[in-house]
Amino acid sequence: MAFVTANWNPLGDAFYRKIELYEMGWNLKDGLRDCLVAAAPYGGPIALLKAHNRCSPSARPQLEIFSSSGLPLASFPWKSGVVKQLGWTVSDDLLCVQEDGTVLVYDLLGGFKRHFSMGNEVSQSQVLETKIFHSPYGTGVAILTGALRFTLATNIDDIKLRRLPEVPGLQGAPSCWAVLTQDRQSKVLVANGSHLFVLDNTACTPVTPPGLSPQASSIVHMCVSFSYKYLALLTDSGHVWMGTSNLKEKLSEVDTKIKAPPKQMAWCRRPKSQQPSAVVMWDGLLLVVGECKETIQYHLDDDSILVPELDGVRIISGTHHELLQEVPGACEEIFKIASMAPGALLLEAHKEYEKESQKADEYLREIKEQSLLSEAVRQCVEAAGHEHEPETQKTLLRAASFGKCFLSNFPPEQFVSMCRDLRVLNAVRDYTVGIPLSHTQFKQMTIQVLIDRLVYRKLYPLAIEVCRYLKTPEYQGVSRVLKYWACYKVCKKKNYILIIFVQPYCMPSCMLVYTVVMYLKNELNRGDFFMMLRNQPVALSLYKQFCKHQEQDTLKDLFNQDDDHEELGNFYVKASYKEQRLEARIAHLQSAVDEYYKAKNEFSAKTTEDEMRLLRFQRKLEEEKGEQLVGFSLHDTMTTLLSVGLHKHAEQLYKDFRVPDKRFWWLRLKALAEKEDWEELEKFSKSKKSPIGYLPFVEVCIKHHNKYEARKYVSKVTLEQKVKAHLAVGDVEGAAEAAIERRNESEIGTVLSRCSATTDHLLVERLNRAKATVAKK
């Protein structure tokens, strides 16, 4: 505890610390030199592949996968093409991008899963550079080809290749580039000398970072933050520019005084931090830059790589694995020298209490006098979560527990939750497991994902213990882990058919059934496979569920085989919503109508025909009026038409689709009020007797702050609603007359509550008399 701040370094208003996570368990002869290295975020696995020896193409390098502590998970000789890049997906699958644009996918234990191609153009012109990135849609791959064109796949689980526009004036490989994710769209930021361009689906847009040093003649390196919100640029003059990734705001600029190009650069900003910071790495040197002119320097003994994380940067070398991060606020408040923060005082009070010193009482009194004991406990609990050493965690939690004893109403949930989280984190951080998650990463990842990662590593006992300890629901926790374990055991023994088809009286888990079905799907021809499923209702039902999410065309074939016209109709309806072209959508809906009639389901058939009529009506209006309508519901279509003044077309829909009178009147009333077309609203109210009454007219006028218009409709309101209408327009006397006339004690009481004793005393007396008369009866 005395040396908690020994590895802290100040930078501006913040401190940074480098924590050793592990001494690496691998035994690498030459360290990370001449290796392709990829480490998954959130403390994930590390993949190593020695660079191809072009002088000796027959020599096969070894692809090795390790845990974050350097323990081996898998190793096999690489027998495929030249690999340009390694990377990890969000689910810890390894991607190997080859020179010809083929991407091979392996699980973290080295099992081959599948492969896909990045297109013919990439194959012909070869891969020059590639980057693997994570977006809201999943894991993506971006490639720069030998033809100096960019090809992008945003989600490798649903490959849709995009060829981005050319970069003007690009004669060779760009000095640097990065993938940005903005507005749920992936873009590429390219530096060509001192010029920056943003490439999206349709255009190449030149951009200029605000306030970039004029000394720069070229941008030599760039990196994007973990959240894609921030960007750092390094120029050939040695300046690091930091700002928002949309290049609209500059946060800082620092002169590193080093003009050599770096090996790597990464953001090092923790969530909610006020200071931007980046880490730049050269051979033997690591530099942390922030808002101020000063920097923090660390000397490196071995070749290293940087792994950006949500709340810092991991540094992996041939011998050590470390975490560099900004010291979290709660830790800084407590451990900073001469700190008088409530958490620091509570920690000192607990230390003195353990020494049986009366100073403990003095510290506690000081905290209590400022009414900050709850804050002190909260700080100690939060700081414990950010510490990696179990002894430091225990000391902070004991101090928090000590402080809680003097609070009568402190909620225990935060303390209990932190104790549980830390026990789980310490278990997975163990050297034998090798998942060095921080508490911030753990909360972002969720417990469900952590359990999945333990299952992927075949750490079934630990996964079960975590589920039981955290009291995870059975179906999400222990049962699910046991299913994966049983599936793994069954797969090892190749005992698929014995489980389900030889012993049909057994009730195997869904996961086992899926395993058998997938195995037989690959082993049997399509016809035999379908015939086999017809005799196995459980397997058929589960396979249909699988096809609904993964293989839509196969699902259609199954329905056709069973002459299930009802489900075929549903299939065509769902397929229609995936079509972008209106003609294709209507064609699918027509197929659905035909199937529904075959199934003698007239209701679904008529409803689908109505949908087709609505789509044709929307397209016609789009062509005539230019309003975007296709795909809207009937309700939204009428609302849009009324809001833009196309009342006759809205009325046509109202008649054609037999919309209830009350619904149409409400829609039109709201639309006219939104436009503040009071004249048209008055005409509408007089067109015929309102099916919704006239109180809504009063209320909607009041909602749009127009009492003058609202008063026009008060007289038309039914007697039962008069009091409410008069009060809505501020007419207390009118409300009083209506309440007295109706002799309603409740309404009289409501009006009385709105009267002023000083200005309305005569009215109050009259209402009280009326109330007394009503009460006597």
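We use all heavy atoms of the structure for the numbers below, so side chains are in, but hydrogens, waters and symmetry mates are not.
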J.: Could you grab the distance from atom CG of L234 to atom CE of M265, nearest 0.5 Å is fine?
T.: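 L234 atom CG to M265 atom CE measures 5.5 Å (nearest 0.5 Å).
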J.: Provide the closest heavy-atom pair for E332 versus V327 in the form atom of the first, atom of the second, distance.
T.: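 Closest pair (atom of E332, atom of V327, distance): N-CG1, 3.8 Å.
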J.: Considering residues, nucleotides and ligands other than K259, do more than 12 of their heavy atoms fall under 6.0 Å from its NZ?
T.: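 No - once you tally the heavy atoms of other residues, nucleotides and ligands closer than 6.0 Å, there are 12 at most.
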J.: How long is the gap from CD1 on I159 to OG1 on T154, to the nearest 0.5 Å?
T.: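 It comes to 9.5 Å.
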J.: To the closest 0.5 Å, what do you measure between SG (C331) and CZ (R17)?
T.: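 These two atoms lie 5.0 Å from each other.
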J.: May I have the step-by-step check of side chain to side chain contact (heavy atoms under 4.5 Å, CB included) for I132 and L86, ending in yes or no?
T.: CA-CA 8 Å; I132 294 164; L86 298 175; over 6 Å; no
J.: Please determine which of R269, K272, K18, R270 meets the salt bridge (Lys or Arg N to Asp or Glu O under 4.0 Å) test together with E326.
T.: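 Result for salt bridge (Lys or Arg N to Asp or Glu O under 4.0 Å) with E326: R270.
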J.: Within a strict 4.5 Å, meaning less than it, do heavy atoms of the N155 and S135 side chains meet?
T.: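 No; the side chains remain at least 4.5 Å from each other.
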J.: Which is it for V279 and I315 under the side chain to side chain contact (heavy atoms under 4.5 Å, CB included) test, yes or no, and what are the steps along the way?
T.: CA-CA 10 Å; V279 179; I315 306 162; 5.8 Å; no
J.: Check for a donor-acceptor pair, side chain of Q264 on one end and backbone N or O of L306 on the other, with a separation under 3.5 Å.
T.: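 Looks like yes, one N/O pair under 3.5 Å.
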J.: Can you sort out the partners of K29 under side chain to side chain contact (heavy atoms under 4.5 Å, CB included), two or more places apart, ordered by chain and number?
T.: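 Residues passing side chain to side chain contact (heavy atoms under 4.5 Å, CB included) with K29: none at all.
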J.: Where the side chain of S304 meets the backbone of D302, is there a donor-acceptor pair that is under 3.5 Å apart?
T.: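 Checked: pair present.
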J.: Quick one: does W78's side chain have a donor or acceptor within less than 3.5 Å of a partner on L49's backbone?
T.: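 Checking the backbone N and O of L49 against the side chain of W78, no donor-acceptor pair under 3.5 Å is found.
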J.: For N27, is the CG atom crowded, meaning more than 12 foreign heavy atoms sit under 6.0 Å from it?
T.: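 For N27, atom CG is not crowded (no more than 12 foreign heavy atoms under 6.0 Å).
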J.: Can you give me the closest heavy-atom contact between I65 and G110, atom names plus distance?
T.: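 Minimum heavy-atom contact is CD1-N, 4.0 Å.
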J.: For F15, give me all partners under ring pair (Phe, Tyr, Trp, His ring centres under 6.0 Å), at least two apart in sequence or on another chain.
T.: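 Residues passing ring pair (Phe, Tyr, Trp, His ring centres under 6.0 Å) with F15: W8.
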J.: Given 3.5 Å as the limit, does a donor-acceptor pair link the side chain of H439 with the main chain of E382, or not?
T.: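 A pair under 3.5 Å: no.
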J.: Is there a donor-acceptor contact under 3.5 Å from the side chain of Q275 to the main chain of L11?
T.: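 Side chain of Q275 to backbone of L11, a donor-acceptor pair under 3.5 Å: yes, one is there.
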J.: Donor-acceptor pair, W26 side chain versus P72 backbone, under 3.5 Å?
T.: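 Pair absent, no side-chain N/O of W26 close to backbone of P72.
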J.: How about NZ on K263, more than 12 heavy atoms from neighbouring residues, nucleotides or ligands closer than 6.0 Å, or not?
T.: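 Yes, enclosed.
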J.: Quick one: salt bridge (Lys or Arg N to Asp or Glu O under 4.0 Å) partners of R314, sequence neighbours excluded?
T.: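 R314: salt bridge (Lys or Arg N to Asp or Glu O under 4.0 Å) contacts with E309.
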J.: Using the salt bridge (Lys or Arg N to Asp or Glu O under 4.0 Å) rule, collect all pairs that involve residues 417-426, keeping only residues at least two apart or in two chains.
T.: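 Salt bridge (Lys or Arg N to Asp or Glu O under 4.0 Å) check on residues 417-426 returns D421-K443.
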J.: Where is the tightest heavy-atom contact between V122 and G101, given as atom of each residue plus distance?
T.: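 Where V122 meets G101 most closely, the heavy atoms are CG1-CA, 3.6 Å.
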J.: Could you check whether Y106 and F76 have their ring centres less than 6.0 Å apart?
T.: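 F76 vs Y106: aromatic centres under 6.0 Å.
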J.: Would you check if there is a donor-acceptor pair between the side chains of Q444 and D311 at a distance under 3.5 Å?
T.: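 There is no such pair (donor and acceptor under 3.5 Å, judged by atom type) between the side chains of D311 and Q444.
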J.: Mind listing the closest non-hydrogen atom pair of F335 and T5 along with its distance?
T.: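 Here F335 and T5 meet closest at O-CG2, 3.3 Å.
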J.: If you look at every heavy atom in W241 and T244, which pair is closest and at what distance?
T.: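 Shortest heavy-atom separation between W241 and T244 comes out as CH2-O, 4.3 Å.
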J.: Less than 6.0 angstrom separating the ring centers of Y484 and Y456, yes or no?
T.: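 Y484 vs Y456: aromatic centres not under 6.0 Å.
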J.: For a quick check under 3.5 Å, do Y137 and S186 share a side-chain donor-acceptor pair by atom type?
T.: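 Side chains of Y137 and S186: no pair found under 3.5 Å.
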J.: So, for A74 and L108, which heavy atoms are closest and what is the spacing to 0.1 Å?
T.: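 Result for this residue pair: CB-O, 4.3 Å.
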J.: Do Q325 and H386 come close enough that some side-chain heavy atom pair is under 4.5 Å?
T.: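 Side-chain contact under 4.5 Å: no.
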J.: Any heavy-atom pair between the side chains of V428 and R453 that's under 4.5 Å?
T.: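 No, too far: nothing below the 4.5 Å cut-off.
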J.: Would you say the side-chain atoms of T256 pair up with the backbone N or O of G238, donor to acceptor, closer than 3.5 Å?
T.: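 Yes, T256 side chain to G238 backbone: donor-acceptor pair under 3.5 Å.
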J.: Got a donor-acceptor contact below 3.5 angstrom from the T102 side chain to the S117 backbone?
T.: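 Pair absent, no side-chain N/O of T102 close to backbone of S117.
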J.: List for me each residue that meets ring pair (Phe, Tyr, Trp, His ring centres under 6.0 Å) alongside Y431, sequence neighbours excluded, and say none if there are none.
T.: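 Once residues adjacent in sequence are excluded, Y431 has no partner under the ring pair (Phe, Tyr, Trp, His ring centres under 6.0 Å) criterion.
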J.: Holding to side chain to side chain contact (heavy atoms under 4.5 Å, CB included), I want the full list of residues that pass it with T89, two or more places apart in sequence or in another chain.
T.: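 Listed in chain order: S91, D93, L95, T139, I156.
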J.: Checking the side chain of S175 only, and the main-chain atoms of I219 only, is there a donor and an acceptor separated by less than 3.5 Å?
T.: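 Judged by distance alone, yes, a pair lies under 3.5 Å.
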J.: Does some side-chain heavy atom of F133 sit less than 4.5 Å from a side-chain heavy atom of L152?
T.: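 Of all side-chain heavy-atom pairs linking F133 with L152, at least one is under 4.5 Å.
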J.: Given side chains that start at C-beta, do those of V4 and E389 come closer than 4.5 Å, heavy atoms only?
T.: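 No - every pair of side-chain heavy atoms lies 4.5 Å or more apart.
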J.: Could you go through the side chain to side chain contact (heavy atoms under 4.5 Å, CB included) check for I435 and Y42 one step at a time?
T.: CA-CA 8 Å; I435 305 179; Y42 293 97; over 6 Å; no
J.: To the nearest 0.5 Å, what is the distance between OH (Y298) and CG (L285)?
T.: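 Output value for this atom pair is 12.0 Å.
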J.: Kindly indicate whether the side chain of F112, heavy atoms from C-beta on, has any atom under 4.5 Å from the side chain of L104.
T.: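 Side-chain contact under 4.5 Å: yes.
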J.: The criterion is ring pair (Phe, Tyr, Trp, His ring centres under 6.0 Å); which residues satisfy it with W267, sequence neighbours excluded?
T.: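 W267 satisfies ring pair (Phe, Tyr, Trp, His ring centres under 6.0 Å) with Y230 only.
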J.: List for me each residue that meets salt bridge (Lys or Arg N to Asp or Glu O under 4.0 Å) alongside R457, sequence neighbours excluded, and say none if there are none.
T.: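 Salt bridge (Lys or Arg N to Asp or Glu O under 4.0 Å) list for R457, sorted by chain: D92.
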J.: Sequence neighbours left out, cut at 3.5 Å: what donor-acceptor pairs do the side chains of residues 459-476 make with other protein atoms?
T.:
from : atom 1 : to   : atom 2 : distance (Å)
E474 : OE2    : S479 : OG     : 3.4

J.: Flag the pair Q393 / N426 as yes when at least one side-chain heavy-atom distance between them is below 4.5 Å, and no otherwise.
T.: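 The answer is yes; the side chains approach within 4.5 Å.
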J.: Is there a side-chain contact between T181 and P136 (heavy atoms, below 4.5 Å)?
T.: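 The answer is yes, as the side chains (C-beta and beyond) meet within the 4.5 Å cut-off.
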J.: Using salt bridge (Lys or Arg N to Asp or Glu O under 4.0 Å) as the criterion, list what pairs up with D30, not counting sequence neighbours.
T.: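 Testing D30 for salt bridge (Lys or Arg N to Asp or Glu O under 4.0 Å), a comparison that skips the adjacent residues, returns K50.
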J.: For Q98 and S80, does a side-chain donor sit closer than 3.5 Å to a side-chain acceptor?
T.: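 Yes, S80 and Q98 have a side-chain donor paired with an acceptor closer than 3.5 Å.
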J.: Just jot down the ring pair (Phe, Tyr, Trp, His ring centres under 6.0 Å) partners of W177, sequence neighbours excluded, or say none.
T.: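 So W177 forms a ring pair (Phe, Tyr, Trp, His ring centres under 6.0 Å) with F150.
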J.: Quick one: does T295's side chain have a donor or acceptor within less than 3.5 Å of a partner on L287's backbone?
T.: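 No, because the side chain of T295 does not come within donor-acceptor range (under 3.5 Å) of the backbone of L287.
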J.: Check salt bridge (Lys or Arg N to Asp or Glu O under 4.0 Å) between D100 and all other residues, then give those that pass, not counting sequence neighbours.
T.: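 Partners of D100 by the salt bridge (Lys or Arg N to Asp or Glu O under 4.0 Å) criterion come out as none, since no residue qualifies.
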J.: Take D452 and R480 through the side chain to side chain contact (heavy atoms under 4.5 Å, CB included) test and state the conclusion after the steps.
T.: CA-CA 10 Å; D452 287 343; R480 199 165 65 91; 2.9 Å; yes
J.: Going from CG on L109 to CG on L73, what distance comes out if it is rounded to the nearest 0.5 angstrom?
T.: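 Spacing of CG (L109) from CG (L73) equals 6.0 Å.
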J.: Working to the nearest 0.5 angstrom, can you tell me the gap between L422 CG and R429 CZ?
T.: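 Spacing of CG (L422) from CZ (R429) equals 7.0 Å.
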